[in-house]
There are 2 protein chains.
Amino acid sequence: MVQAAIQSQTRADEAFNCLQTAIVTGDLGPGEKIGEVELCSRFNLTRGPLREALGRLESRGLLVRRPHAGVKVVSVSATELLELYRIREVMEGLAARQAAERMTDEEIRDLRDTLNSHEKMIEEAQGQAYYQAEGDYDFHHRIATGSRNTKLAQMLLGDLYYMVRMYRYRLSTSAGRPHLALGEHRRIVEAIAHRDGELAEFLMKRHINAARRNIEKKIEEGVLTI
Amino acid sequence: MVQAAIQSQTRADEAFNCLQTAIVTGDLGPGEKIGEVELCSRFNLTRGPLREALGRLESRGLLVRRPHAGVKVVSVSATELLELYRIREVMEGLAARQAAERMTDEEIRDLRDTLNSHEKMIEEAQGQAYYQAEGDYDFHHRIATGSRNTKLAQMLLGDLYYMVRMYRYRLSTSAGRPHLALGEHRRIVEAIAHRDGELAEFLMKRHINAARRNIEKKIEEGVLTI
DNA sequence: AGCGTGAGGATTGTCAACAATTCTGCGACT
DNA sequence: AGTCGCAGAATTGTTGACAATCCTCACGCT
């Protein structure tokens with residue numbers, strides 16, 4: 001796992017992290033109804049902190065709550081997943097542009113290193129979709145942070161990526177085009193290194209657009225059922 | 001007020017709404033530290049539901065929380081406010097494009113009516129910045145909803161607008177250029193009516209860009225202090 | 001005089017019991 | 001046979017008390 005165990009400062013944080021990863025990894029499937037007491041015994045905490053965590057997750061759109069009726073994990077339809085990619089297109093395009101203007105040379109060097117290690121992973125462990133997906137996440141994560149746009153990074157990292165990852169684990173989205181994606185990533189990094197924000201935005205938008213069309217195609221072919 | 005009193009289903013919802021409006025209207029100023037017990041007596045509720053509401057608001061970025069140390073209303077710096085407008089530019093551009101593709105004829109008619117009533121307001125109550133700001137909010141609200149992109153609307157209405165409105169109340173952002181803004185709004189609506197998504201996106205981006213530069217100028221002039 | 005230290009107070013985090021609402025299953029009626 | 005209504009049960013929402021942590025202020029030390 002990329003992120004080392006985040007030790008939570010408080011029980012509510014712990015509940016929040018547990019639930020979030022449970023949802024993202026698919027331990028709690030989309031549409032699944034979950035009772036509060038069940039969750040408490042499962043994660044060893046009481047209902048107070050749990051309810052606070054549920055509030056946060058609801059606000060982030062990872063689960064839906066109906067008063068007195070219970071909590072369900074959100075289930076995203078195929079069209080909604082595609083709409084999510086439309087949003088990513090414009091937001092990550094902006095992130096790439098601002099990253100090109102603001103990333104430090106060191107960050108760019110790290111970004112290149114990241115891509116090199118991704119390449120090795122793809123060669124060595126061909127078909128290991130899991131690492132590919134995580135690597136892809138890592139790349140986009142770095143650019144979002146590099147934009148130096150606090151709110152933009154917050155929205156991408158806190159809202160969108162979790163929803164997308166929730167399906168990546170199941171579908172391994174970028175599978176089938178790892179080499180293509182890597183090449184696209186490389187071109188984006190070069191644009192950033194040349195401090196060409198406009199080009200970086202264009203390439204990033206095209207990259208995500210391609211990913212969206214790839215999913216769209218698979219859905220039409222019936223390979224992906226959501 | 002545009003939105004009639006939202007009757008809350010639960011105490012936590014009530015707390016959430018109370019706090020949100022208190023922050024947006026400025027009853028709770030940016031950076032202000034607030035104690036839980038004080039809020040309880042102020043809004044007549046107990047700490048359980050309140051803490052749930054605090055969790056939601058924290059997750060939305062309207063307030064920051066340090067464990068065991070208390071809650072503060074978020075304070076957005078000038079540069080962060082301008083960054084917010086960069087995000088709005090791309091997201092509302094997308095919303096306008098999708099609205100042009102998907103709004104019903106009736107919704108477009110309503111949108112035109114809205115603009116007409118705004119025009120009357122501007123003529124009659126010249127300088128009433130409050131109505132202008134609310135009218136502007138109303139316009140953008142309708143387009144976000146009209147995009148039929150659930151997550152996009154959720155992010156715009158739930159995240160960005162509240163942060164922007166928080167400063168509108170204080171600064172009456174669009175003041176000084178009401179007629180200009182109205183003209184820009186009209187052109188956007190016409191593009192939507194012609195189902196020209198590309199043009200609608202372009203015009204919306206330019207509209208928000210102009211608003212951003214307007215704020216930028218005022219900050220440079222020292223008229224706006226944040 | 002300035003700085004580190006410690007006790008006290010205040011505030012936040014957590015818990016377990018109570019109240020209110022909704023869901024479920026059974027029975028009667030159409 | 002299907003549908004409406006009702007009562008019980010289960011689940012959620014709320015409350016107030018208890019425990020843990022942090023901030024403040026005074027005191028002593030360097």
Side-chain angles (χ1 to χ4, degrees), chain A residues 5-23 27-75 154 158, chain B residues 5-23 27-75 154 158:
Chain A
I6 305 162
Q7 70 163 356
S8 320
Q9 294 281 334
T10 176
R11 303 288 274 171
D13 289 338
E14 196 182 320
F16 181 75
N17 289 326
C18 284
L19 279 170
Q20 192 167 47
T21 58
I23 292 172
D27 279 2
L28 265 54
E32 191 169 330
K33 188 183 169 294
I34 46 187
E36 291 188 3
V37 284
E38 189 200 323
L39 289 177
C40 288
S41 60
R42 189 159 163 182
F43 296 120
N44 259 57
L45 33 86
T46 52
R47 286 181 54 216
L50 181 85
R51 285 181 62 80
E52 203 183 308
L54 290 178
R56 285 201 242 174
L57 288 165
E58 185 198 13
S59 168
R60 293 210 174 175
L62 280 177
L63 41 83
V64 289
R65 230 191 316 185
R66 241 180 46 209
H68 300 279
V71 184
K72 274 195 325 183
V73 179
V74 76
S75 78
Q154 188 184 315
Chain B
I6 306 162
Q7 69 162 358
S8 320
Q9 295 281 335
T10 175
R11 301 289 274 172
D13 289 339
E14 195 183 321
F16 181 76
N17 289 327
C18 284
L19 278 169
Q20 192 167 46
T21 58
I23 291 172
D27 279 3
L28 266 54
E32 191 170 330
K33 188 184 169 294
I34 47 185
E36 290 188 4
V37 284
E38 189 200 322
L39 289 177
C40 288
S41 60
R42 190 160 161 181
F43 296 121
N44 260 57
L45 34 85
T46 52
R47 285 182 54 218
L50 180 85
R51 286 179 62 80
E52 203 184 309
L54 290 178
R56 286 201 240 174
L57 287 166
E58 185 198 13
S59 169
R60 294 210 174 175
L62 280 177
L63 41 84
V64 290
R65 225 164 162 192
R66 242 179 46 209
H68 300 280
V71 184
K72 275 195 323 182
V73 178
V74 77
S75 78
Q154 188 183 316

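The chains referred to below are lettered A, B, ... by the order of the sequence lines, with proteins before strands, and numbering in each begins at 1.
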N or O in side chain of A:R51 less than 4.0 angstrom from D:dT12 OP1/OP2: no
How about A:D13 and A:R56: do any of their side-chain heavy atoms sit closer than 4.5 Å? yes
Rounded interatomic separation in angstrom, taking CZ from B:F43 and P from D:dT15: 16 Å
Side-chain touch B:R42/B:L28, heavy atoms, less than 4.5 angstrom: yes
Could you say whether A:H68 or A:A12 is positioned toward the 5' end of DNA chain C, judged by the nucleotide with the nearest heavy atom to each? A:A12
Mind calculating the distance between CD (A:E52) and P (D:dT14) to the nearest angstrom? 14 Å
Can you check whether A:R66 has a side-chain N or O nearer than 4.0 Å to OP1 or OP2 of C:dC23? yes
Say whether, by atom type as modelled, one donor and one acceptor occur between the side chain of A:T21 and the main chain of A:N17 under 3.5 angstrom. yes
Whole-Å distance, A:E36 CD to C:dT21 P, equals 17 Å
For the side chain of A:R47, counting heavy atoms from C-beta on, which of C:dC15, D:dT14, C:dG13 is nearest? D:dT14
The nucleotide from C:dT14, C:dT22, D:dT14 with an atom nearest the side chain of A:A69 is C:dT22
Separation of C:dG13 C1' from A:D13 CG (nearest whole Å): 11 Å
Please state how far atom CG in B:L50 lies from atom P in D:dG13, giving the value in whole angstrom units. 16 Å
Under 4.0 Å between a side-chain N/O of B:T10 and OP1 or OP2 of D:dT14, yes or no? yes
Side chain of A:R11, heavy atoms from C-beta onward: which of D:dT21, C:dC15, D:dC23 has the nearest atom to it? C:dC15
B:K72 atom NZ is separated from C:dT12 atom P, nearest whole Å, by 14 Å
Using 0.5 Å steps for rounding, measure from the CG atom of B:L62 to the CG atom of B:L54. 11.5 Å
For B:E38 against B:S41, the heavy-atom pair lying closest together: O-OG, 2.9 Å
Nearest whole Å is fine: how far is C:dA10 C1' from B:E38 CD? 14 Å
Taking any heavy-atom pair under 4.0 Å as a contact, classify A:G48: base, sugar-phosphate, or nothing. nothing
Roughly how many Å is it from CG in A:L45 to P in C:dA16, rounded to a whole number? 12 Å
